[in-house]
> 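Below is a structure I'd like to ask you about.
Since this is a predicted model, take the numbers as computed values, not measurements.
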Amino acid sequence: ARMSRLKDRVREMIMDNDGYCYFANDIGGLTRFDPDTEEFTDIDIKLPGELMDFRASVVSSKNIIYAITTDGFVWSFNPRTSELTDLGHVIGMPVQPHYTPNIALDEDWGRLYFIAGNHGYGLLEEAFGVLTVLDIKSGKYYWVGKVEGFEGCFGALCAKDHTVYFS
């Protein structure tokens, strides 16, 4: 990936259900890599937030990509239409960067789950370790409460029975 605008910002890649790879690029958007043709294509979008990157992602069965930026902005991307949707800020405070490198999707219930905040710069202490739920259909966030003994979380999954696991 080419990412000279921000130091140490290309850590993640997304593989969609069609086998294309996506990564944040130098112009604040996404670049798609086609492994069959080995071609790179810059997609004409701008990722939300100041850093315009992502730290965690999940792909739905309908091939919709959901991701969260280093500074806490949640977004979705439809590869078929190239439509990007800004889904808001993980703690509802866009001026407050909030590093959250985990995301889980429950497709049946239409929800994304996060444990807001992990480490890094300028985290709002009151939001550190808060279990956060985003209802995708309504766009409404629910801040459930702080997770006891939380020290950090870099992974999340949702099981078929709707149990969400964080690591």
Side-chain angles (χ1 to χ4, degrees), residues 6 9-17 22-24 28-30 43 45-167:
L6 295 170
R9 289 293 175 221
V10 179
R11 295 183 188 173
E12 308 293 338
M13 294 188 300
I14 301 166
M15 180 70 70
D16 76 7
N17 297 337
Y22 299 84
F23 52 88
L30 289 176
I43 301 167
I45 59 170
K46 290 286 184 207
L47 299 176
E50 184 178 324
L51 299 175
M52 297 177 286
D53 65 353
F54 60 92
R55 272 297 179 263
S57 64
V58 64
V59 181
S60 76
S61 64
K62 295 179 181 173
N63 208 34
I64 303 298
I65 296 168
Y66 296 95
I68 185 165
T69 69
T70 303
D71 43 4
F73 289 88
V74 183
W75 52 269
S76 68
F77 178 70
N78 183 335
R80 291 184 181 98
T81 63
S82 293
E83 180 182 356
L84 178 86
T85 303
D86 183 342
L87 298 173
H89 192 264
V90 72
I91 61 170
M93 302 174 75
V95 297
Q96 175 66 52
H98 210 78
Y99 181 56
T100 304
N102 59 76
I103 185 172
L105 170 65
D106 184 326
E107 286 193 82
D108 292 339
W109 286 0
R111 296 178 180 167
L112 293 173
Y113 297 88
F114 315 87
I115 295 182
N118 205 348
H119 66 75
Y121 61 95
L123 291 178
L124 184 63
E125 188 62 34
E126 294 81 22
F128 182 76
V130 172
L131 176 59
T132 303
V133 181
L134 169 59
D135 182 290
I136 298 169
K137 294 173 191 139
S138 70
K140 184 171 170 69
Y141 280 86
Y142 298 90
W143 294 280
V144 178
K146 285 188 173 247
V147 176
E148 280 190 47
F150 179 75
E151 293 182 21
C153 176
F154 289 90
L157 295 170
C158 185
K160 288 182 182 183
D161 70 355
H162 310 288
T163 301
V164 181
Y165 297 92
F166 294 95
S167 65

> Residues two or more places apart in sequence or in another chain: which of them pass side-chain hydrogen bond (donor to acceptor under 3.5 Å, both in side chains) with T69?
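Checked T69 against side-chain hydrogen bond (donor to acceptor under 3.5 Å, both in side chains); matches are D71.
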> Quick one: do L105 and C158 satisfy side chain to side chain contact (heavy atoms under 4.5 Å, CB included)? Show the steps, please.
CA-CA 6 Å; L105 170 65; C158 185; 6.0 Å; no
> Tell me if a side-chain donor or acceptor on T85 pairs with a main-chain N or O of E83 at a distance below 3.5 Å.
no
> Return a table of donor-acceptor pairs under 3.5 angstrom between the side chains of residues 57-67 and protein atoms on other chains or two or more places apart.
residue	atom	partner	partner atom	Å
S60	OG	K62	N	3.2
S60	OG	N63	N	3.4
S60	OG	I64	N	3.0
S61	OG	E107	OE1	2.9
S61	OG	E107	OE2	3.4
N63	OD1	N17	N	2.7
N63	ND2	D18	OD2	3.3

> Looking at every heavy atom in both R55 and D53, which two are closest together, and how far apart are they?
NH1-OD2, 4.0 Å
> Step by step, work out the side chain to side chain contact (heavy atoms under 4.5 Å, CB included) result for F77 and Y22.
CA-CA 11 Å; F77 178 70; Y22 299 84; 4.0 Å; yes
> Taking atom CG of L84 and atom CG of L30, what is their separation to the nearest 0.5 Å?
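If we round to the nearest 0.5 Å, L84:CG and L30:CG are 7.5 Å apart.
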> Can you list every side-chain hydrogen bond (donor to acceptor under 3.5 Å, both in side chains) pair that touches residues 154-167, not counting sequence neighbours?
D106-H162, W109-H162, D161-T163
> Before you tell me yes or no, could you show the steps for L134 and F114 under side chain to side chain contact (heavy atoms under 4.5 Å, CB included), namely the whole-Å CA-CA distance, both residues' side-chain angles and the distance that decides it to 0.1 Å?
CA-CA 8 Å; L134 169 59; F114 315 87; 4.2 Å; yes
> Could you list the residues that satisfy side-chain hydrogen bond (donor to acceptor under 3.5 Å, both in side chains) with D135, not counting sequence neighbours?
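Checked D135 against side-chain hydrogen bond (donor to acceptor under 3.5 Å, both in side chains); matches are S138.
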> Taking the side chain as every heavy atom from C-beta outward, state whether V130 and I91 have any atom pair closer than 4.5 Å.
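No, too far: nothing below the 4.5 Å cut-off.
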> Using the rule given for side chain to side chain contact (heavy atoms under 4.5 Å, CB included), can you reason through H89 versus H98, listing the C-alpha separation, both sets of side-chain angles and the distance that settles it, and then say yes or no?
CA-CA 9 Å; H89 192 264; H98 210 78; 4.1 Å; yes
> Suppose we screen for ring-ring contact (aromatic ring centres under 6.0 Å, His included). Which residues come up paired with Y141, at least two apart in sequence or across chains?
W143
> Would you name the heavy atoms of P101 and A56 that are closest together and state the gap between them?
C-CB, 3.6 Å
> Considering all heavy atoms of both residues, which atom of G88 and which atom of D86 are nearest to each other, and what is their separation?
N-OD1, 2.9 Å
> Can you see which heavy atom on I68 is nearest to which on T100, and at what distance?
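Taking every non-hydrogen atom into account, CG2-O, 3.2 Å.
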> Looking at CZ of F23 and CD1 of I14, how far apart are the two atoms once the value is rounded to the nearest 0.5 Å?
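The distance works out to 11.0 Å.
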> Nearest 0.5 Å please: distance from the CZ atom of F73 over to the CD atom of E50.
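Here the interatomic distance stands at 9.0 Å.
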> Measuring from atom CZ of F166 to atom OH of Y113, what distance do you get when rounded to the nearest 0.5 angstrom?
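That separation rounds to 8.5 Å.
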> Identify the two heavy atoms, one from A24 and one from L47, that lie closest to each other, and give their separation to 0.1 Å.
CB-CD1, 4.4 Å
> Using the side-chain hydrogen bond (donor to acceptor under 3.5 Å, both in side chains) criterion, which residues pair with T81? Sequence neighbours excluded.
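Expected list: none.
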> For L157, check side-chain contact (heavy atoms from CB on, under 4.5 Å) against everything at least two apart and list the hits.
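side-chain contact (heavy atoms from CB on, under 4.5 Å) list for L157, sorted by chain: empty.
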